[in-house]
Enquirer: 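Dropping a structure here in structure tokens format, bear with me for questions.
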Amino acid sequence: MTDVFGLSHKDKSPVSGQARHEQVVFCSDEHSGLHAIIAIYNTALGPSLGGTRFYPYPSEQAALADVLNLSRAMAYKNALAGLDLGGGKAVIIGDPATDKSEALLRVYGRFVQSLGGRYYTACDVGTYSEDMDVVARESSYVTGRTPAHGGAGDSSILTAYGVFQGMRAAAEHVYGAPTLRGRRVGVEGVGKVGHRLVDHLVADGAEVVVCDVSERAVERVLRRHPEVAVVADQLELTGADLDVYAPCALGGALDDDTVARLRAGIVCGGANNQLAHPGVEKELADRGVLYAPDYVVNSGGVIQVADEIQGFDMDRAKAKATQIYDTTLKIFAAAAEDGVPPAVAADRLAERRMSEVGRIRGIWLGH
């Protein structure tokens, strides 16, 4: 038996320093093979929104730790994105290449529907817009759908655009101008988000260096931008003479060794959970490296899928994602004023919005 609340409070828990979640739902269906967990961190700003990750976790305990952390991060991301949405996330335990089926996705949709709108789902690692179309056959609370079904399609479009806006803000803060022209930017991971970020950087006049474990991903970038330089791996990239390091692959890229090796003056990328452990943000600040909090600058994707709830309009969603530039500048200013790392300043701003708006929503409207 899994002790959900114990997991959230034990000193050695992988889920560190957080309040209790409002709701954690374990979903199981023997016939389809579905084993999923839906976690709602809070609904202070509105119904929770977060993607569904389909991943072969080694254990239910590992899946639970991940979904609790991810749902909390979504609450902060949605708050600073200016959305009236709370934080939620779901994980499906299994290998999407072999375990995903129509039956499994539709059963999962039934579980999402059973929450009555407290949780909106979308795509994440291992799930795609086409999968959300299947889930939506059983649930009204699905975003990230294909354009053919009124959805926004690939959310990496505005994710990359938002990261670029955050990077422009970092350049403004450090160099005095909101451009990467003439700057050397290292992009780790040129998959769905990273390769689109390269497009923005090249168009802005940056000198770009990339690395990726996938040769095909690198080749795709080189076909579009043959002038882009390539290095072997993350070790070589982070040790290179860069102005900006953009982690766009897996989480945990910023560990003690990477920070000690890093020569870039700015870190701003699309990956989630970039800080390998608490305290890394202070290490970066102590070394004079400006860190643009990941959940702030990569929120363009959630802005894109959230816009579907009222009927998707790309111009409206892009205008909101453009505001990531102003939000990032605001965080840098607050960090400087309070003498704290930007990650701490971002958390404080998110918590303030959740508290203030949550209090307003507590006023009874009489129905």
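No hydrogens, no waters, no symmetry mates; every other heavy atom, side chains included, goes into these values.
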Enquirer: Ser299 versus Leu80: any side-chain heavy-atom pair under 4.5 Å?
Expert: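 No, their side chains stay 4.5 Å or more apart.
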Enquirer: Would you confirm whether Ser155, through its side chain, and Gly301, through its main-chain N or O, come within 3.5 Å as a donor-acceptor pair?
Expert: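 Judged by distance alone, no pair lies under 3.5 Å.
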Enquirer: Are any side-chain N or O atoms of Arg168 and backbone N or O atoms of Pro178, one a donor and one an acceptor, separated by less than 3.5 Å?
Expert: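 Indeed, once roles are kept as given, a pair shorter than 3.5 Å links the two residues.
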Enquirer: Where do Thr328 and Ala169 come nearest, in terms of heavy atoms and distance?
Expert: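 Nearest pair, atom of Thr328 first, then Ala169: CB-CB, 3.8 Å.
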Enquirer: Do side-chain atoms of Arg145 reach the backbone of Ser129 as a donor and acceptor pair under 3.5 angstrom?
Expert: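 No, because the side chain of Arg145 does not come within donor-acceptor range (under 3.5 Å) of the backbone of Ser129.
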Enquirer: Return each pair, listed once, that meets salt bridge (Lys or Arg N to Asp or Glu O under 4.0 Å) where at least one residue sits in residues 265-275; pairs must be two or more places apart or across chains.
Expert: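 Of all non-adjacent pairs touching residues 265-275, none passes salt bridge (Lys or Arg N to Asp or Glu O under 4.0 Å).
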Enquirer: Could you tell me whether the side chain of Phe54 reaches within less than 4.5 Å of the side chain of Ile93, counting heavy atoms only?
Expert: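 They are not in contact (no side-chain heavy atoms under 4.5 Å apart), so the answer is no.
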Enquirer: State the CG-CG distance between Asp133 and Leu105, to the nearest 0.5 angstrom.
Expert: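 Taking CG in Asp133 and CG in Leu105, the distance rounds to 10.5 Å.
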Enquirer: Tell me the closest heavy-atom pair linking Gln234 and Ala253, and the distance in Å.
Expert: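 Closest approach of Gln234 to Ala253, heavy atoms only: NE2-O, 3.5 Å.
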Enquirer: So, Arg53 side chain and Ile92 main chain: donor-acceptor pair closer than 3.5 Å or not?
Expert: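 No, Arg53 side chain to Ile92 backbone: no donor-acceptor pair under 3.5 Å.
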Enquirer: Is Leu222 reachable from Leu197 through a run of hydrophobic residues whose side-chain heavy atoms are each under 4.5 Å from the next?
Expert: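 Same cluster: Leu197 reaches Leu222 through Ile, Leu, Val, Met, Phe, Trp or Tyr contacts under 4.5 Å.
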Enquirer: Under 30°, 30 to 60°, or over 60°: which ring-plane class applies to Phe164 and His200, parallel, tilted or perpendicular?
Expert: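 Geometry flag for His200 against Phe164: parallel rings.
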Enquirer: Going hydrophobic residue to hydrophobic residue with side-chain gaps under 4.5 angstrom, can you get from Tyr76 over to Val357?
Expert: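 Hydrophobic grouping puts Tyr76 with Val357.
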Enquirer: Quick one: closest heavy-atom pair of Pro293 and Ala346, and the distance?
Expert: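 Taking every non-hydrogen atom into account, CG-CB, 3.9 Å.
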Enquirer: List, by chain and number, the other hydrophobic cluster members for Met314, where Ile, Leu, Val, Met, Phe, Trp and Tyr join if side-chain heavy atoms come within less than 4.5 Å, directly or indirectly.
Expert: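 Joined to Met314, directly or through intermediates: Ile157, Leu158, Tyr161, Phe312.
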Enquirer: Show every salt bridge (Lys or Arg N to Asp or Glu O under 4.0 Å) that has at least one partner inside residues 210-220, sequence neighbours left out.
Expert: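 Output for this query is empty, none listed.
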Enquirer: Report the residues that fulfil ring pair (Phe, Tyr, Trp, His ring centres under 6.0 Å) with Tyr57, sequence neighbours left out, ordered by chain and then residue number.
Expert: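 For Tyr57, the residues satisfying ring pair (Phe, Tyr, Trp, His ring centres under 6.0 Å) (neighbours in sequence not counted) are Tyr55.
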Enquirer: Is the CG atom of Leu329 crowded by more than 12 outside heavy atoms at less than 6.0 Å?
Expert: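 Counting neighbours around CG of Leu329, more than 12 heavy atoms of other residues, nucleotides or ligands fall under 6.0 Å, so yes.
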Enquirer: For atom CD of Glu227, decide whether the heavy atoms of other residues, nucleotides or ligands shown that lie under 6.0 angstrom number more than 12.
Expert: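 Yes - once you tally the heavy atoms of other residues, nucleotides and ligands closer than 6.0 Å, there are more than 12.
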Enquirer: Which residue in the set Asn69, Asn298, Asp124 passes side chain to side chain donor-acceptor pair (under 3.5 Å) when paired with Asn272?
Expert: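 Of the listed residues Asn69, Asn298, Asp124, the side chain to side chain donor-acceptor pair (under 3.5 Å) partner of Asn272 is Asn298.
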Enquirer: Could you tabulate the donor-acceptor pairs under 3.5 Å formed by side-chain atoms of residues 261-270, not counting sequence neighbours?
Expert:
unit_1	atom_1	unit_2	atom_2	d
Arg261	NE	Thr238	OG1	2.9
Arg261	NH2	Thr238	OG1	3.1
Arg261	NH2	Thr258	OG1	3.4
Arg263	NH1	Gly239	O	3.4

Enquirer: Does His35 reach the side chain of Phe26, with side-chain heavy atoms less than 4.5 Å apart?
Expert: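 They are not in side-chain contact.
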Enquirer: State whether the side chain of Asp29 and the backbone N or O of Leu34 hold a donor-acceptor pair below 3.5 Å, judged by distance alone.
Expert: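 It does not hold such a pair.
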Enquirer: Tell me whether His21 contacts the main-chain N or O of Leu68 through its side chain, where contact means a donor paired with an acceptor under 3.5 Å.
Expert: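 Judged by distance alone, yes, a pair lies under 3.5 Å.
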Enquirer: Got a salt bridge between Arg348 and Asp338, using NZ or NE/NH1/NH2 to carboxylate O under 4.0 Å?
Expert: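 Looking at Asp338 together with Arg348, the answer is yes, because their closest N to O distance falls below 4.0 Å.
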Enquirer: Look only at the side chain of Ser214 and the backbone of Ala217, and say whether a donor-acceptor pair between them is shorter than 3.5 Å.
Expert: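 The answer is yes, because a donor-acceptor pair under 3.5 Å joins these two groups.
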Enquirer: Keeping Tyr295 on the side-chain end and Asp347 on the backbone end, is there a donor-acceptor pair under 3.5 Å?
Expert: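 A pair under 3.5 Å: yes.
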Enquirer: Between Val221 and Asp199, does a side chain to side chain contact (heavy atoms under 4.5 Å, CB included) hold up when you go through it step by step?
Expert: CA-CA 9 Å; Val221 169; Asp199 290 343; over 6 Å; no
Enquirer: Flag yes if Met167 and Val296 sit in one hydrophobic cluster, no otherwise; membership is Ile, Leu, Val, Met, Phe, Trp, Tyr, and two members link when side-chain heavy atoms are under 4.5 Å apart.
Expert: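 Each belongs to a different hydrophobic cluster.
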Enquirer: Work out which heavy atom in Ala63 is nearest to a heavy atom in Val91; give both atom names and the distance.
Expert: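 Here Ala63 and Val91 meet closest at O-CG2, 3.9 Å.
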Enquirer: Sort and list the pairs that fulfil salt bridge (Lys or Arg N to Asp or Glu O under 4.0 Å) and have at least one residue in residues 264-283, not counting sequence neighbours.
Expert: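 Qualifying pairs: Lys282-Asp286.
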Enquirer: Give every residue pair that meets the side chain to side chain donor-acceptor pair (under 3.5 Å) criterion with at least one member in residues 106-119, sequence neighbours excluded.
Expert: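 Checked against side chain to side chain donor-acceptor pair (under 3.5 Å) - neighbours excluded - the pairs reaching residues 106-119 are Glu22-Arg118, Gln23-Arg118, Thr52-Tyr108, Glu102-Arg106, Arg106-Glu138, Tyr108-Thr121, Arg110-Glu138, Gln113-Ser139, Tyr119-Thr121.
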Enquirer: Quick check against the 3.5 Å criterion: does Ser355 have a side-chain atom that pairs as donor or acceptor with the backbone of Arg352?
Expert: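 A pair under 3.5 Å: no.
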Enquirer: For residues 122-144, which residue pairs qualify under ring-ring contact (aromatic ring centres under 6.0 Å, His included), counting only residues two or more places apart or in two chains?
Expert: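 Those involving residues 122-144 are Tyr120-Tyr141.
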Enquirer: Would you please test Leu85 and Leu45 for side chain to side chain contact (heavy atoms under 4.5 Å, CB included) and show each step?
Expert: CA-CA 5 Å; Leu85 294 165; Leu45 299 177; 5.8 Å; no
Enquirer: Show me the donor-acceptor pairs within less than 3.5 Å that the side chains of residues 181-191 make with the rest of the protein, sequence neighbours left out.
Expert:
unit_1	atom_1	unit_2	atom_2	d
Arg184	NE	Glu207	OE2	3.2
Arg184	NH1	Asp241	O	3.0
Glu188	OE1	Tyr245	OH	2.4

Enquirer: For a 4.5 angstrom cut-off between non-hydrogen side-chain atoms, does Asp233 reach Cys211?
Expert: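 No. Closest side-chain heavy atoms not under 4.5 Å.
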Enquirer: Hydrophobic clusters here meaning ILVMFWY residues chained together by side-chain heavy-atom distances under 4.5 Å, can you tell me if Leu180 and Leu242 are in one?
Expert: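 Shared cluster, no.
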Enquirer: Of all the heavy-atom pairs spanning Gly126 and Pro96, show the shortest one and how long it is.
Expert: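 Answer, listing the atom of Gly126 first, then Pro96: O-CB, 3.7 Å.
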Enquirer: I'd like to check Val259 versus Arg287 (side-chain heavy atoms, cut-off strictly below 4.5 Å). Are they in contact?
Expert: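 Touching, per the 4.5 Å side-chain cut-off.
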Enquirer: Considering non-hydrogen atoms only, spot the tightest contact between Gly88 and Ser48 and give its length.
Expert: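 Nearest pair, atom of Gly88 first, then Ser48: N-CB, 3.6 Å.
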Enquirer: Enumerate the salt bridge (Lys or Arg N to Asp or Glu O under 4.0 Å) contacts for residues 296-315, please, sequence neighbours excluded, ordered by first and then second residue.
Expert: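 Listed by first then second residue: Asp307-Arg316.
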Enquirer: List for me each residue that meets side-chain contact (heavy atoms from CB on, under 4.5 Å) alongside Gln323, sequence neighbours excluded, and say none if there are none.
Expert: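 Testing Gln323 for side-chain contact (heavy atoms from CB on, under 4.5 Å), a comparison that skips the adjacent residues, returns Lys320.
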Enquirer: When you measure from the side chain of Asn78 to the backbone N and O of Met74, does any donor-acceptor pair fall under 3.5 Å?
Expert: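 Confirmed, Asn78 side chain pairs with Met74 backbone.
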Enquirer: With a 4.5 Å heavy-atom cut-off, do Asn273 and Leu70 have their side chains touching?
Expert: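 They are in contact (side-chain heavy atoms under 4.5 Å apart), so the answer is yes.
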Enquirer: Mind checking whether Tyr291 and Phe332 sit in one hydrophobic cluster, side chains of I, L, V, M, F, W, Y counted as touching below 4.5 Å?
Expert: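 Cluster IDs for Tyr291 and Phe332 differ.
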Enquirer: Could you walk me through whether Met132 and Thr143 satisfy the side chain to side chain contact (heavy atoms under 4.5 Å, CB included) test, starting with their C-alpha distance in whole Å, then the side-chain angles of each, then the deciding distance to 0.1 Å, before giving a yes or no?
Expert: CA-CA 7 Å; Met132 293 304 108; Thr143 61; over 6 Å; no
Enquirer: Which residues pass the side-chain hydrogen bond (donor to acceptor under 3.5 Å, both in side chains) test with Asp154, not counting sequence neighbours?
Expert: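 For Asp154 the side-chain hydrogen bond (donor to acceptor under 3.5 Å, both in side chains) partners, ignoring immediate neighbours, are Ser156, Arg196.
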Enquirer: Which is it for Leu254 and Leu284 under the side chain to side chain contact (heavy atoms under 4.5 Å, CB included) test, yes or no, and what are the steps along the way?
Expert: CA-CA 9 Å; Leu254 295 167; Leu284 289 165; 4.1 Å; yes
Enquirer: Within the structure provided, determine whether Ile37 and Cys27 are in side-chain contact (heavy-atom separation under 4.5 Å).
Expert: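 Ile37 does not reach Cys27 side chain to side chain.
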Enquirer: Taking the side chain as every heavy atom from C-beta outward, state whether Val230 and Val209 have any pair of such atoms under 4.5 Å apart.
Expert: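 Result no, sub-4.5 Å side-chain heavy-atom pair not found.
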